[in-house]
Amino acid sequence: MADHDICLSVRDLHVVFALDNGLLHALRGVSLDIRKGECLAVVGESGSGKSVLCRSCMGLLPGNGRVVRGSLLYGGKDLLNSSLPRAYRGIRGKAMALVMQNASSSFNPVLTIGRQLTEAFSPSVPRRERKQRALSLLSETGLGDPEKVFSCYPHELSGGMCQRALIAMALAGNPEIIFFDEPTSSLDAITQVRVLELIRTLSRTHGHASVLVTHDLSAAAFAAGRIAVMYAGQIVEEGLPGEIFHDGRHPYTRALIASHPARMGDSFSYLTGTPPSCRHPIRGDAFAPRNPAALAIDFLYAPPYFPVTPTHRAKTWLLDPRYPEALSRLKPGHAARTNPMAKSTPALPAEPGKGNENGSLSRDSVLLRVSDLHIRFGRGERATEAVKGVSFDLREGECLGLVGESGSGKTSIANAILRLVPAASGSISYRGRRLDGRLSAAARQYFLKEIQMVFQNPAAAINPRAKVMDIVREGLDNIHPELPRKERSRLAIQALCDVGLKPEDAFRFPYSFSGGQLQRIGLARVLVMSPSLIVADEPVSSLDMSVRAQIMELMLSLQEKRGISFLLISHDLAMMRRMCGRIAVIKDGQIVEMASSALIFEHPRHPYTRALLAAMLNPDLENAAVKP
Amino acid sequence: MKKTFGKSKTKALIEAFLEEEAASPASNEEALKLFVSGRSGPEEELPLSRAGDSYWRGTLKRLIKKPESIITLGVLFSLILFACLQPFLPGQRSPVTINNDPVTGLQLMNRRPDASFWLGTNNIGQDLWARIWAGTRTSLLIGLAVAFFRNALGVLVGFAWGYIRRLDAFFTELYNILENIPSMILMMLSTYILRPGMASIIFSMCLAGWLGTARFIRNQVILLRNRQFNQASRTMGTPLHRIFLKNLLPHTLSIIILQFVLTIPSAISGEVFLTYIGLGLPADRPSLGNLINTGRMLIMSRSLRYQFYYPCAVLSIITVCFYVLGNAFADAADPQDP
């Protein structure tokens with residue numbers, strides 16, 4: 001690639017944040033070229049520094065962050081040398097624009113969209129023309145009725161429409177580069193695809209470069225022409241999508257692709273551990289502690305970039321030209337050894353939860369029966385019906401999936417089973433006993449022991465000001481107060497060990513755990529009550545992608561070892577395919593299709609199921625990578 | 001507190017950070033040896049805690065960073081300690097003894113401060129120094145008692161009011177009715193009916209204030225009530241008292257303590273007010289209220305004005321200190337406070 005193609009060049013960028021008790025090295029030497037008109041995806045987990053990269057390019061670091069080394073070359077000038085904030089004034093919005101995360105909160109709620117959009121034009125655009133231009137931008141971003149959107153207030157638009165309006169606003173200054181910071185993370189699956197398509201098309205029609213920051217590999221595969229993988233404040237690999245997905249060289253890239261639910265075939269490959277904390281200096285390759293095949297040198301020295309092809313480079317010692325030599329010197333005949341990248345467990349003996357595929361059930365094995373369930377919110381005329389006549393059976397030891405968009409009523413069903421919301425009509429019975437309506441204290445106690453729930457966001461569902469021991473023991477204290485306290489504590493510690501935590505973790509506070517560890521705690525506090533049915537509401541959607549597979553694996557093994565039945569609620573079809581024997585698709589409070597997961601994926605009948613499957617962002621990453 | 005860059009210590013820290021990460025193999029030979037599987041470097045010690053201090057330790061740290069909280073804490077501590085120890089010190093007079101001149105046998109009325117009566121005497125010859133400390137003890141006792149009872153009741157009702165939806169309408173109506181009676185009138189009437197005394201003053205001041213505290217706590221609880229960890233506790237069948245104790249209390253403790261600290265000065269001045277309108281403690285029980293009230297009547301006489309100034313000074317110090325401390329605590333208790 002010729003040099004004149006490059007519009008922004010990031011060179012060895014180091015960003016440090018000053019925190020209460022020390023420093024956080026958020027970017028540890030990032031070098032990246034953004035070429036004119038390309039769509040570059042920066043993929044990384046939370047805390048890998050991808051948003052910080054955007055913000056430092058835009059000169060928008062918060063007050064306690066500082067670029068301590070490196071340069072940002074734009075148009076032959078180093079933006080970091082011009083220490084005046086004025087220097088950036090000519091660049092933000094005009095040369096570079098940022099589309100922030102969570103579109104609906106990026107607008108001022110008391111001004112109309114049109115007012116905020118016309119504000120974004122440069123002063124050289126005559127006032128009279130602005131409205132016309134704004135309307136054309138709105139229609140270009142696929143908003144059906146631009147006139148109406150123009151005079152709307154932000155709360156009157158849906159999340160997807162807000163995102164489109166925000167993109168229109170970024171286009172107003174006609175920038176050379178647009179940074180999209182997680183543009184799809186708060187949107188529905190179907191809307192996600194449409195927004196990504198929009199980003200792709202606009203890049204082509206307007207000729208600006210797009211930098212798509214995302215944690216979602218499949219989104220990157222769908223929209224980007226080039227992908228950079230970030231880990232612990234560094235870009236560990238960079239290349240064309242095909243090169244990244246077929247020929248990933250860095251162990252992290254490979255492990256990440258392997259732990260994508262769509263890639264998980266018969267065997268579960270997953271990453272162990274959690275990303276490192278950038279609060280302490282990291283020696284060597286940041287990924288080494290999580291890499292079972294790490295080399296000794298990985299722990300001591302950070303690898304440089306090694307080119308694979310002119311467009312593909314990776315930061316790993318495996319590519320060092322001396323590596324094969326060293327191998328052959330050490331153990332002759334061992335040089336061809338491949339690197340087992342991530343831990344692979346052998347294929348599970350039987351597909352869990354996939355009982356008889358035809359769905360013929362014998363009456364006595366039904367654990368939970370929901371029939372003609374209606375749930376209403378509000379009273380009188382303003383009442384809305386969230387669930388409109390849902391019926392399904394859940395068999396013993398089965399994992400049943402409920403799939404649907406947000407607002408489809410799936411969480412209301414879970415809440416009704418947990419007796420958190422009352423059913424308007426219909427019935428829910430567990431092992432033949434009604435669990436809705438008024439219950440005696442004994443019956444309540446019985447259902448308490450039998451049915452438990454795992455929540456979506458462990459950070460919110462765990463009391464941040466209680467010790468882990470208290471959190472895990474809470475349910476046990478309620479259902480077995482007769483046991484001595486010591487015994488209850490012992491069972492709690494046992495449960496912590498069962499989910500892969502250490503006994504000493506019981507005496508720490510939740511803030512010292514990562515999201516994945518918190519979800520393990522969330523599982524432990526349910527397991528300690530030894531329920532027969534666990535209702536899991538989006539159990540992994542708030543977790544980082546490298547940790548998701550760990551939690552799913554844990555749930556699968558629990559299902560297998562203890563025979564616990566799961567009712568799994570999610571919008572993530574790829575995860576469902578892996579976990580569930582049967583899947584029910586819910587739309588607007590009704591089940592539109594229910595079948596074994598193989599049938600759903602291969603022969604979807606209902607058009608909505610087909611739409612959902614189409615919106616899965618090409619789970620087959622290989623096909624996604626070779627697109628026109 | 002956000003640290004600023006440019007401090008030499010911070011700079012050195014950043015340099016150390018960058019240097020440690022930038023190490024590269026010294027020689028080709030060394031690198032070749034290291035291309036083997038497995039760990040050869042030093043075993044890393046992972047720090048146990050990732051997010052720093054616990055909530056309370058952080059609050060304490062932020063609190064003692066503020067100079068005003070150190071000063072007020074010191075002043076209050078020494079004031080309370082001295083007020084408690086004063087009767088046991090040598091050479092102290094009783095606050096109620098009427099001192100007579102040993103020669104003439106007359107009362108030593110309105111003696112200006114001198115070596116034997118450090119702050120002078122009042123109009124019947126009682127030692128003002130001793131009376132002020134006795135009054136401080138009484139007033140602090142009233143302040144602490146009111147703060148305790150008012151907040152204990154207020155927190156309990158506030159939790160129930162905020163968390164149990166069925167009770168909301170009832171308590172809101174009760175609040176609407178009771179809060180529209182001026183609290184001064186409520187306080188005056190109840191002390192009048194119960195006859196002035198220590199207990200009735202404490203009772204009437206609690207009566208006038210508990211609902212306001214409850215309302216304040218209720219608003220905080222409503223913010224917490226729908227947090228998911230409460231929902232999780234409900235699905236695990238946790239009884240109400242445990243939800244109050246383990247889920248709500250730790251999240252509201254900082255504002256409860258703030259309320260407590262701020263109630264003390266307001267209760268002390270409430271007592272001063274009641275005494276001012278003649279419903280305070282009987283004159284034989286010295287309190288800052290009746291000392292100030294006596295002094296107030298003498299304010300027009302230049303030579304007797306000291307009887308007003310000294311108790312006022314003590315009252316001001318106590319009130320200001322508790323107030324400043326309360327606000328400093330409120331700031332420190334908010335982890336987002338820069």
Side-chain angles (χ1 to χ4, degrees), chain A residues 14 16 18-21 23 25 28 63-64 66 68-69 277 279-284 289 293-297 299-302 304 317 320 322-323 325-327 329-330 418 420 444-445 448 452-453 455 457 460-466 470 474-475 477-479 508-509 511-512 514 525 529, chain B residues 1-6 10-11 13-25 28 30-44 46-55 58 61 227-239 242 246-247 249-251 253 338:
Chain A
H14 286 261
V16 170
L19 301 177
D20 253 359
N21 40 5
L23 299 175
H25 201 172
R28 307 188 301 126
N64 60 339
R66 174 71 55 96
V68 292
R69 194 180 279 180
S277 144
R279 290 171 152 260
H280 306 271
I282 297 170
R283 287 206 75 177
L295 302 175
I297 195 169
F299 291 95
L300 291 176
Y301 304 114
W317 286 116
D320 193 304
R322 292 169 293 186
Y323 175 57
E325 184 197 333
L327 266 189
R329 202 199 283 186
L330 249 158
L418 268 296
L420 291 170
R444 274 205 298 270
Q445 194 78 357
L448 200 60
Q452 274 304 320
M453 179 152 181
F455 289 85
N457 183 355
I462 284 175
N463 182 358
R465 302 221 175 135
D470 285 328
E474 184 173 345
D477 291 349
N478 298 333
I479 61 167
R508 293 162 66 189
F509 280 94
Y511 63 77
S512 55
S514 66
R525 75 169 165 192
M529 300 170 77
Chain B
M1 202 124 86
K2 272 179 195 163
K3 283 193 189 137
T4 47
F5 280 94
T10 320
K11 261 187 185 161
L13 212 54
I14 294 173
E15 284 307 313
F17 242 100
L18 296 183
E19 212 155 282
E20 181 157 0
E21 297 187 348
S24 63
N28 205 18
E30 189 198 350
L32 277 174
K33 265 187 223 148
L34 287 169
F35 280 119
V36 288
S37 286
R39 182 186 283 271
S40 71
E43 197 74 31
E44 263 176 85
L46 284 174
L48 199 68
S49 152
R50 301 193 320 140
D53 296 323
S54 77
Y55 176 74
K61 266 190 179 172
R227 296 270 293 272
Q228 228 180 10
F229 57 81
N230 283 325
Q231 202 183 347
S233 286
R234 284 199 289 276
T235 63
M236 286 189 288
T238 303
R242 186 171 162 146
K246 297 261 176 181
N247 293 10
L249 194 62
H251 286 88
L253 202 54

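Protein chains get the first letters and strands the later ones, always in sequence-line order, with residue 1 at the start of each.
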Q: Nearest 0.5 Å, please: how far is CG in A/D470 from CZ in A/F509?
A: 8.5 Å
Q: Name the region of A/R525, side chain, backbone, both or neither, that has any atom closer than 4.5 Å to a heavy atom of chain B.
A: both
Q: Name the option with the most non-hydrogen atom pairs under 4.5 Å to chain B; the candidates are A/P304, A/A460, A/A466, A/G475.
A: A/A460
Q: Run the side-chain hydrogen bond (donor to acceptor under 3.5 Å, both in side chains) test against B/T235 and tell me which residues pass, sequence neighbours left out.
A: none
Q: Please classify the contact between A/E474 and chain B as side chain, backbone, both or neither, with a heavy-atom cut-off of under 4.5 Å.
A: both
Q: If I compare all heavy atoms of B/A232 with all of A/A461, which pair ends up nearest, and what's the gap?
A: CB-O, 3.7 Å
Q: Could you look at A/I462 and say if it's the side chain, the backbone, both or neither that has a heavy atom under 4.5 Å from chain B?
A: backbone
Q: Considering residues at least two apart in sequence or located in another chain, which fulfil the side-chain hydrogen bond (donor to acceptor under 3.5 Å, both in side chains) criterion with B/R234?
A: B/Y163
